[in-house]
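The structure appears below as structure tokens.
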Amino acid sequence: MKNIELSRIFAQIAEILKIKEENPFKIRAYEKVALILENLPVDIETIYRQGGLNNIPGVGESIAQKIEEYLTTGKISYYEELKASVPAGVIELLDIPEVGPKTAKLLYEQLNIDSLEKLEEVVRQQRVRNLPGMGEKSENNILRGIELYKRQKERFLLGRALPLAEEIIGSLSKLKEVDKINYAGSLRRKKETIGDIDILVTSQKPERIMQTFVSLPQVREVLAEGPTKSSVLTREDIHVDVRVVEPRSFGAALQYFTGSKAHNIKLRELAVRRGLKINEYGVFETKTGERIAGEEEEEVYRILDLSFIPPELREDRGEIEAAQQNRLPQLVESSQIKGDLHLHTKWSDGAHTIRQMAEEAKKKGYDYLAITDHSQSLKFAGGLTEERLKEQIEEVKKLDQELEGITLLAGIEVDIKSDGSLDFSDEILSRLDIVIAAIHSGFKQESKVLTERIVKAMQNKFVHIIAHPTGRLLGYREPYQLDMERIIEVAADTRTILELNAQPERLDLSDVYCRRAKEQGVQLSIGTDAHSREGLAVMELGVATARRGWLEEKDVVNTLPLAKLIERLKNK
Ligand SMILES: [Zn+2]
Ligand SMILES: [Zn+2]
């Protein structure tokens with residue numbers, strides 16, 4: 001996680017230096033290190049602890065010092081000073097996709113733009129297109145950039161918010177004064193990005209909970225401290241609320257604060273028709289005001305004659321109707337996952353050996369693991385040549401013999417080149433147990449061209465899975481302009497599996513497309529795309545997204561026992 005944070009800081013340093021028209025070599029050095037950190041497969045903190053910062057290409061003494069400063073203090077003073085030397089609003093402009101330092105400088109100098117609001121205004125007045133070097137197209141791009149930026153600004157990745165919430169709950173649970181505790185909100189619904197974290201507690205001694213909460217080490221600033229509700233900002237700028245509720249209201253409050261709003265509105269309508277009232281305190285008879293439920297969340301649903309709706313489904317996407325008819329899906333669970341089908345090792349850009357990855361997978365209780373390094377055209381990622389791949393297949397076979405309790409599958413993440421051809425011949429692909437294909441370049445091609453690249457790959461009988469199909473990077477890159485209906489249709493026709501990539505910034509396919517794929521009879525594979533042992537842990541996020549996409553055990557191929565999985569792959 002810190003890799004990306006640091007990469008963004010260095011990229012921003014480079015951009016500010018550009019605004020200030022400083023030495024191009026210095027600027028280039030920061031840009032280079034930003035790119036290296038972004039693609040570094042190993043956690044920067046691990047490297048720092050092992051004293052290896054100076055071994056990272058592009059990291060000299062001065063940059064190493066800044067990395068160390070950030071890892072030990074959470075700040076880089078040079079960066080803070082630099083930021084202070086330019087109007088704050090101009091720096092914010094740099095966070096908008098499509099606004100680089102040149103544009104920011106131009107906007108500031110010519111139109112005195114030093115805030116997002118002012119920029120929005122002049123874009124809407126179509127005044128940007130007349131600036132030197134700009135035009136209608138660049139103006140539209142900026143407008144799209146502003147929209148993307150606004151949507152993502154206040155949101156954090158599930159992969160970042162979930163561990164934080166679990167840490168806080170872990171600390172508070174140690175207090176003997178805590179009875180029940182849970183997080184609610186979009187986090188409990190496991191949305192891919194989260195606004196803030198809401199935690200609910202029951203306790204006889206609320207003061208003690210509040211004191212402990214506001215003095216946790218994760219807290220940077222206390223926004224409000226009250227007898228039953230407190231709010232803080234964490235070091236990562238995530239807003240966390242803790243609320244103490246009465247035991248007899250805990251279930252109702254949990255239901256209420258979990259949302260979504262649309263789901264709750266529909267529930268309240270159902271209740272009204274039955275002469276009931278539901279709120280965060282309980283379920284009440286409208287006429288008499290008598291409380292009839294509220295302690296347990298299940299009761300709220302039972303009273304409305306609904307089966308219990310898992311939080312991940314509460315989006316008003318048909319789950320209430322399904323609960324009325326007792327036909328809710330039996331959602332896939334982490335414990336049903338029998339292996340990981342997408343990961344990288346030292347053979348390409350991963351941090352660990354095949355053996356290390358296999359041992360870690362064994363610890364997770366997996367039965368099988370597919371080794372899927374990059375193919376030759378991804379040179380920056382250490383992609384395997386034909387020769388190296390052949391060697392790796394031998395190595396995988398050998399290790400598979402040696403290792404007890406886990407089966408290794410020889411695979412590849414073969415690149416789909418810009419003309420739609422694959423990076424290896426069918427002859428090579430036919431030697432592998434599993435082939436996943438993916439796009440890693442040419443994202444800006446026209447929709448038709450991009451779609452046909454993937455379609456062509458799916459029509460190859462040796463390609464089993466399409467990895468991270470839409471290419472989105474949350475808060476960073478929009479999905480490719482693909483015709484997903486066509487892709488799902490061809491996947492169904494060719495029996496190609498679509499991946500749900502579990503990387504926190506990908507979660508690709510999204511919940512909505514997962515469900516669409518399932519409806520069309522397409523199966524999914526949840527893969528971590530791990531580049532290190534630790535990376536295997538994000539499977540949990542993939543399963544959460546699968547559940548939001550209504551997926552059941554039968555929809556996910558890596559819940560299959562080994563023999564069945566091999567059969568499924570063979571009869572694509
Ligand atoms: Zn990939
Ligand atoms: Zn990959």
Side-chain angles (χ1 to χ4, degrees), residues 3-4 35 38-42 159 339-354 356-358 360-361 369-384 388-389 392 396 408-418 420-424 429 432-443 445 450 453-454 457-458 463-474 476-480 482 487 496-510 524-539 541-542 545 557-558:
N3 298 23
I4 300 289
L35 203 68
E38 189 190 324
N39 292 301
L40 198 66
V42 191
D340 203 327
L341 300 180
H342 185 171
L343 58 92
H344 300 270
T345 72
K346 272 194 168 163
W347 284 71
S348 66
D349 61 349
H352 294 111
T353 62
I354 300 174
Q356 285 171 317
M357 295 302 274
E360 185 72 17
L369 193 65
I371 307 301
T372 58
D373 276 303
H374 289 295
S375 63
Q376 51 197 3
S377 53
L378 286 193
K379 293 207 175 62
F380 69 87
L384 303 179
R388 290 274 292 157
L389 178 58
Q392 194 192 42
V396 169
L408 295 182
L409 302 175
I412 190 80
E413 178 177 9
V414 64
D415 192 48
I416 304 173
K417 297 198 277 191
S418 19
S421 65
L422 297 174
D423 212 1
F424 287 125
L429 296 181
L432 293 157
D433 300 317
I434 184 165
V435 174
I436 52 188
I439 284 184
H440 294 102
S441 62
F443 311 138
Q445 286 174 332
L450 267 165
R453 274 167 81 185
I454 296 183
M458 288 192 287
V463 171
H464 302 112
I465 301 176
I466 300 293
H468 44 75
T470 78
R472 72 170 180 178
L473 292 176
L474 293 162
Y476 205 60
R477 185 168 76 208
E478 291 272 39
Y480 314 143
L482 290 173
I487 286 179
T496 307
I497 298 156
L498 296 180
E499 181 183 73
L500 163 45
N501 188 293
Q503 290 284 310
E505 59 281 329
R506 287 193 186 270
L507 294 174
D508 177 11
L509 293 181
S510 66
L524 286 103
S525 141
I526 309 177
T528 61
D529 204 352
H531 283 70
S532 67
R533 283 183 299 215
E534 296 74 26
L536 291 172
V538 300
M539 181 61 77
L541 304 176
T545 302
V557 293
N558 48 324

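Atoms within a ligand are numbered from 1 in the order they appear, just like the ligands themselves. Sequential numbering from 1 along the given sequence is applied to the chain's residues. Any value given below was found using the heavy atoms of this structure, including those in side chains, with hydrogens, waters and symmetry copies removed.
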Scan side-chain atoms only and decide if E499 and N501 contain a donor-acceptor pair under the 3.5 Å cut-off.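 Looking only at side-chain atoms, N501 and E499 do form a donor-acceptor pair, the distance falling under 3.5 Å.
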
Can you name the ring pair (Phe, Tyr, Trp, His ring centres under 6.0 Å) partners of H440, sequence neighbours left out?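 Listed in chain order: H374, H468.
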
Once ring pair (Phe, Tyr, Trp, His ring centres under 6.0 Å) is applied, do any residues pair with H342, and if so which ones, sequence neighbours excluded?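 Checked H342 against ring pair (Phe, Tyr, Trp, His ring centres under 6.0 Å); matches are H344.
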
List-wise, which protein N, O or S atoms are found short of 2.8 Å from the Zn ion (ligand 2)?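 Sorted hits: H342 NE2, H344 NE2, E413 OE1, D529 OD1.
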
Short question: side chain of S375, backbone of D415 - any donor-acceptor pair under 3.5 Å? yes

My understanding is that only residues two or more places apart in sequence, or in another chain, count here; which of them pass salt bridge (Lys or Arg N to Asp or Glu O under 4.0 Å) with R472?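 Checked R472 against salt bridge (Lys or Arg N to Asp or Glu O under 4.0 Å); matches are E192.
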
Report the residue from V435, T372, I371 that forms a side chain to side chain contact (heavy atoms under 4.5 Å, CB included) with I412.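 In the set V435, T372, I371, the residue that makes a side chain to side chain contact (heavy atoms under 4.5 Å, CB included) with I412 is V435.
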
